[in-house]
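Worksheet for the structure shown next.
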There are 2 protein chains.
Amino acid sequence: MTTEATVQGEQNDGVPELENLTLSQRAHAHLREEILSNRLPPGTELQELALSQRLGVSRGPIREALGRLAAEGLVTVRPRRGAVVHSLSSEDFLQAYQVREALEGLAIRLAVPRLTPPELDELQRLTDTMETHAASGRVTEFFEANAVFHERLVDASGNAKLQEIYRRLAGQMHRYWRRSLVLRGDLRRSVSEHRAILDAARQGDEETAARLLADHIRVPQIRMQSMTADELLEAEASFERKEEA
Amino acid sequence: MTTEATVQGEQNDGVPELENLTLSQRAHAHLREEILSNRLPPGTELQELALSQRLGVSRGPIREALGRLAAEGLVTVRPRRGAVVHSLSSEDFLQAYQVREALEGLAIRLAVPRLTPPELDELQRLTDTMETHAASGRVTEFFEANAVFHERLVDASGNAKLQEIYRRLAGQMHRYWRRSLVLRGDLRRSVSEHRAILDAARQGDEETAARLLADHIRVPQIRMQSMTADELLEAEASFERKEEA
DNA sequence: CGGCTGGTAACTGTCAACAATCGGCGCGCG
DNA sequence: CGCGCGCCGATTGTTGACAGTTACCAGCCG
């Protein structure tokens, strides 16, 4: 940093893809992106040789990337049998959901005394967006607005560790947004719950906000207990059909 | 799941000598152990060549192990500059502490309706142990009993994801137990807080238990805000001196 | 005497080859 | 005809070597 080797050939050409990251980091980011976007659906087998020639690198960086992904919980590696994209059972998903929203419970307690007017405005705007999409049945857009709402809340907590853990967990769960919505149920009720939470936050009443959020948490759990696994799958399939229309 | 994850059908014969794990797994476990036990204190630089010849393997497995440890948050890797054992600032530690105890808040809500008499008895026993050690000033033993108490609570939740995240976080923080105790303050007060939580749990009153635990959470935060960084370091040093006596 | 420059040594990032292990498949035996 | 056994291809685990970069140090110039 103090001395810079400006004479060194730093090829800063017009290509915007100037990645001076290591190959393993790029492989990691690439695979992570493909998994999170569902281009590599859960259960997909990941073979090192195929990945290496597809990304144009050798197996070393690929192995490191897979190791990192395994530590993040996105893939599971079976010793001497390769890696597969990790999949969550309904049970696993519900448990992760509980943890995620518990983290948000902490987030809102920390965030409420710190929330700035611009932040409150953005949360308000996101809630409005959710309401619009809920009314018109745009479930995908609803989910995205909902995800951003909760992420902003966590960011506003000012707790870096909380943000780190929350993002990791949210990343693991993002692929299962259909299941999230099925468990969440009525979107309009969800919107009104968000409004109530936001109102309490606006008044600086963190205890009420946290209590409302806790109630919000239990909705998917209660619904899941009243559904069989088959009903859950059927509801997910129904969502998929609707989305394709 | 992140660390050793899925190794099934592991039959350990009488000889602990021959581990049929991969070298990278053994390197990972070895380094993890050395870091958690403070034999590799925070800030220690980890050079691949030195590690590889110390463990008798080549650099490949070492690199994989370091990558896993980095994903777990136990080391930080600086591109092209090697890895160092991760250290937590007071700020980081407090944030991690908040998250950890928030996770326990979820744990106790889930655990209370499920707690069996044997589990309650063990929690009672651990609280008694804490009281004994608090009275005689055996801070190390107090901390261990306290850690087990909270871990049992998390186990009793029946939520595997919660257990996984909690263990990871507790592992990161375990090296800083002195700081934990300094922030916690009066041990006898801590014991009585545990008793109150346990009483509520015994009566099946999860809301009261969770509320008491939430109050329990805020103690270190409040204390930290009333201490300067120098006072914190001095108090830690004081603990160290006492421990050596 | 201090700051900059050039060289050098050490370390990380990457690769291709070697070795070990697993699963599948066909053959032979009961 | 069913079942077990051993070979074989494929894939992972591991290694040593090579290349690029960083940090350190000595020497020169101002």
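Letters go in sequence order (proteins before strands), and every chain restarts at 1.
For B/E48, the salt bridge (charged side-chain N to carboxylate O under 4.0 Å, His left out) partners are B/R59, B/R63, not counting sequence neighbours. When the salt bridge (charged side-chain N to carboxylate O under 4.0 Å, His left out) test is applied to A/E45, no partner is found at least two apart in sequence or on another chain. The side chain to side chain donor-acceptor pair (under 3.5 Å) search around A/S226 returns none, not counting sequence neighbours. Partners of A/R100 according to the salt bridge (charged side-chain N to carboxylate O under 4.0 Å, His left out) rule, which considers only residues two or more places apart in sequence or in another chain, are A/E104.
Within the 3.5 Å criterion, the main-chain N or O of B/L88 finds a donor-acceptor partner in the side chain of B/Y176. A donor-acceptor distance shorter than 3.5 angstrom exists from the side chain of A/R223 to the backbone of A/V182, with no hydrogens or angles considered.
Using a 4.0 Å cut-off between charged side-chain N and carboxylate O, A/E164 and A/R168 make a salt bridge.
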Encode nucleotides 13-19 of chain D as B, S and - characters from 5' to 3', where the letter depends on protein heavy atoms closer than 4.0 Å: B to the base, S only to sugar-phosphate, - to neither.
BBB-B--
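Remark: P of D/dA10 and CD of A/E45 are 16 Å apart, rounded to the nearest angstrom. Rounding to whole angstrom units, CD1 of residue B/I62 and C1' of C/dG13 are separated by 16 Å. Computed from coordinates, the A/Q47 CD to C/dC22 P distance equals 17 Å when rounded to whole Å. Protein atom CG of A/L55 is 13 Å distant from nucleotide atom P of C/dT14, rounded to whole Å.
Ring planes of B/H150 and B/H216: parallel class, angle under 30° (limits at 30 and 60°).
The overall bend of the helix from C/dC1-D/dG30 to C/dG30-D/dC1, read as the angle between its terminal helix axes built from five base pairs each, is 10° when rounded to 10 degrees.
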